[in-house]
Amino acid sequence: MNNNNSMNNEDQPNILLVDDTLANLRVLSQILAHAGYHVRQAQEGELALISAQAMPPDLILLDIKMPKMNGFEVCRRLKADIATQHIPVIFISAMDAINDKIEAFAAGGVDYITKPFQIEEVLARVEAQLKLLGLQRQLQQQVTERDILISKLDATNRQLQQEITERQIAEEKREEAIAQLRESLRRTESLYQIARATIIQENLPTMLQMLTASIADALPADRVTLITVDMESQKVLDFVKGGPGVEYIIQPDFDELMAGLTGWVIQKVQPVLSVKGQSDPRESKSVQERRVNTKSGAIMVVPLYYKSKVLGTLTAINRPEQRDFNQEDISLLSAIASQVAIALENARLAEETAHLKEFNESIVQGIAEAILITNAENCFIFANPAAEALLGYPLEELLELHYETLIPEAQSDKVKAENTKLRSGDTVYYETNISNRNGENVPVIVSAHPRFQNGDYNGAFIALTNITRLKQAEASLRQRTEELEAQNAELDAFAHTVAHDLKTPLTSLIGFSFLLSDRFMQLSSNKLRDLAQTIAENARKMNNIINELLLLSSVRSLENINTQPLDMYGLIYEAQKRLRSMVQEYQPELIISEEWPIATGYSPWVEEILVNYFSNALKYGGSPPRVEFGGTLIPATDTTVAKAKFWVKDNGPGITAEECQRLFTPFERLHNVRAEGHGLGLSIVRRIVEKLGGEVGVESEVGKGSTFWFTLPAIE
């Protein structure tokens, strides 16, 4: 390819060079750039993959022998990714064995250049592949243009055919519109009858019978059934049928209903549509057989649902030779079911209101407190809605209970003593717990007044005031008080750090700065360099202290943490990169486990833990330091969840038992030999791990090194 320096960047072919040898990258980059190509570089396979995925190049020149991931693996992963599989790859390697070339082409390479390479050969092969790529793109463009032309011709033919067809079906549409209008009028009349029945009809059986007949006509459907059930007693309350095909309806018992679509709808509280001619897995085999025997085709069932309560179902059925129902039908049936459920509930409510009329005249039903009346045997004979809500029992169950059966055993003696006072004619007022239907203890204040008839004790009027929110407020206040105390302690420690740990480097920084400004011209270059390095070191220490204080504050304030499975090997790698200067200074022996348990946590925080542990192991380890990273799974037991335990072990002088107990205390330092610095790091580690649901610790013996560990929730 000829050199063309005036070529725009958009016109330049984009080439990605992948080689771990910097010299090779520079040479190839200069050759290709001089030839007019836009060149990008990557020194390792993982970076090459990231670069190719972020901005796919036109061509990749790929070295084979690289650390971590060789060129064959890089090529295979490029070809496995739909975003990069089209990119041609030319291998460049000093390996000239036939097996290497075979493997290169098997991995997806299009060409192979052997080192040392010739400039003309590299340019010729690159230009050949780019020309081939250009031809492929040109061919693809031509194919696309041809497809567009064919599509346009097909569209024209369809338009002509449509114009012919429109003339033929115009008359059919007119007749169809007339038929639809008639059908719409008939359906409107049926819907009017349904609405009229739900509003005007006072007799419940007559109303339900009229509803089923009108619904069958409105859909239309061959037959319609309306079923109401009592799930607690497992009984069918109402079974009403209507429509032309009512003779095919066989009334099932409760168990048969629950084995079919009706049971599925009641349990899931969702409408269901079952097409004809197919077995429905939501039905039992016996129900499927009954469906065939009763000549049933398409079926749709919707719940009668009112205020979080399923009253029953509404079902429409067609014969096998009739049409399938559709979403419009099920939407209409669901809308009708909503109105029917309201009508049913209103009818039930009217009956219950009649029975409770005597009580409604003497007790305000809307009172916030739970009101109960007991007889002489302390059994409930009345409960208002607030009592039902508080205790979680429906009225019919509540009226079968004895008052003292709701009292937890720990409060039993106290309540019996208060009831004795009632029988003596005293009004009692006390605090206790009441067990609701779910077995939960609800704190209440009881106010009870005795009832007497002809001088004999006849029961009591009882008012229960729920004080759960008051108790919760008290607990919340206690928790907030504890948090404020902890924050105050942290503020004191923060002030200590600012006053002492920041003061030392700040004093040095100010002093050396004044020395530089006053005596700059008298100081030698070596002395100036030493002073500048000292100023930079003290500034770095201050910056580290401030960053750690900010991190400690963020760990306390952040509430919603997005925990995910952790890549511990990758986090250790990132920690090493952050401590690269220390690693170069101390030249440690690193031992990193190849297998790691899978734990969940927040990666940025866990990386901070590893950086802290690793930096301590470097500073306080042996000479040279020997640092071991490892992890193991602690399986779950009957009383504990699974945990992953990770550790960083050093070969330092070790720590005494007394120092180990103080080591993770906020802002606490050990003796000067073991703990230079500001004493924040391990406090942050503890705060992070506890926030993530784990624990921290250290195992050490003087003269035998130390092992710092932490645990996190694990995935078994």
Side-chain angles (χ1 to χ4, degrees), residues 183-254 256-258 260-263 265-266 269 271-272 294 299-318 325 328-357 360 394-396:
E183 176 66 18
S184 178
L185 290 173
R186 183 193 59 76
R187 177 173 287 193
T188 301
E189 176 63 23
S190 299
L191 292 175
Y192 169 77
Q193 294 298 331
I194 293 170
R196 187 172 181 274
T198 58
I199 296 172
I200 299 176
Q201 187 57 249
E202 295 181 356
N203 183 276
L204 184 60
T206 304
M207 179 190 74
L208 296 181
Q209 189 62 59
M210 183 179 294
L211 281 172
T212 55
S214 299
I215 292 170
D217 189 54
L219 285 171
D222 182 61
R223 47 198 184 270
V224 171
T225 60
L226 188 151
I227 301 169
T228 63
V229 296
D230 184 346
M231 294 301 295
E232 293 182 0
S233 62
Q234 297 189 352
K235 293 180 180 179
V236 178
L237 302 179
D238 300 298
F239 187 92
V240 186
K241 55 187 178 180
V246 291
E247 68 272 17
Y248 295 109
I249 298 176
I250 302 173
Q251 181 171 345
D253 59 25
F254 182 86
E256 289 177 306
L257 281 175
M258 297 307 293
L261 295 179
T262 295
V265 169
I266 289 174
V269 197
V272 63
T294 56
I299 299 176
M300 58 178 175
V301 186
V302 298
L304 297 172
Y305 185 77
Y306 182 75
K307 288 188 176 180
S308 304
K309 182 180 179 182
V310 179
L311 308 178
T313 60
L314 194 58
T315 303
I317 306 172
N318 270 341
F325 294 116
E328 182 181 353
D329 296 323
I330 204 165
S331 297
L332 175 61
L333 191 62
S334 296
I336 294 172
S338 297
Q339 297 303 313
V340 173
I342 294 173
L344 283 170
E345 196 64 19
N346 287 339
R348 309 279 189 218
L349 183 60
E351 294 177 1
E352 293 175 3
T353 302
H355 295 143
L356 296 174
K357 184 177 180 181
N360 289 338
L395 183 61
E396 57 271 17

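All of these numbers come straight from a predicted model, not from anything done at the bench.
In terms of heavy atoms, A221 sits closest to N318 at CA-OD1, 3.4 Å. The heavy-atom pair separating I266 from M231 by the smallest distance is CG2-SD, 3.8 Å. Scanning all heavy atoms of the two residues, the minimum distance from I227 to T262 falls at CD1-OG1, 4.5 Å. The minimum heavy-atom distance between S334 and P271, with the atom names listed, is OG-CB, 4.2 Å. In terms of heavy atoms, V310 sits closest to Y305 at CG2-CD1, 3.7 Å. R223 and T294 make their closest contact through NH2-O, 2.8 Å (heavy atoms, listed as atom of the first residue, atom of the second, distance).
Annotation: the span from L219 atom CG to I317 atom CD1 amounts to 11.5 Å, rounded to 0.5 Å. To the nearest 0.5 Å, atom CD1 of residue I250 and atom NZ of residue K241 are 9.0 Å apart.
Take V272 and apply the side chain to side chain contact (heavy atoms under 4.5 Å, CB included) test, not counting sequence neighbours, and it matches L261, W264, V265, R282, V301. Remark: Q251 pairs with F239 by the side chain to side chain contact (heavy atoms under 4.5 Å, CB included) rule, at least two apart or across chains. Not counting sequence neighbours, the partners of E232 by the salt bridge (charged side-chain N to carboxylate O under 4.0 Å, His left out) test are R437. Checked against side chain to side chain contact (heavy atoms under 4.5 Å, CB included), S338 has no partners two or more places apart in sequence or in another chain. Residues that satisfy the side chain to side chain contact (heavy atoms under 4.5 Å, CB included) test with A341, not counting sequence neighbours, are L304, Y306, L311. When the salt bridge (charged side-chain N to carboxylate O under 4.0 Å, His left out) test is applied to D238, the partners found at least two apart in sequence or on another chain are R348.
Partner T225 forms a side-chain contact (heavy atoms from CB on, under 4.5 Å) with one of I249, V246, T212, I215 and no other, that one being I249.
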| request: Take Q209 and V240 through the test side-chain contact (heavy atoms from CB on, under 4.5 Å) and record every step on the way to the result. | output: CA-CA 6 Å; Q209 189 62 59; V240 186; 3.6 Å; yes
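Between the side chain of E256 and the backbone N or O of D253 there is at least one donor-acceptor pair closer than 3.5 Å.
L226 places a side-chain heavy atom less than 4.5 Å from the side chain of L314. F254 places a side-chain heavy atom less than 4.5 Å from the side chain of V229. Residues L344 and L208 form a side-chain contact, since some pair of their non-hydrogen atoms from C-beta on lies under 4.5 Å apart.
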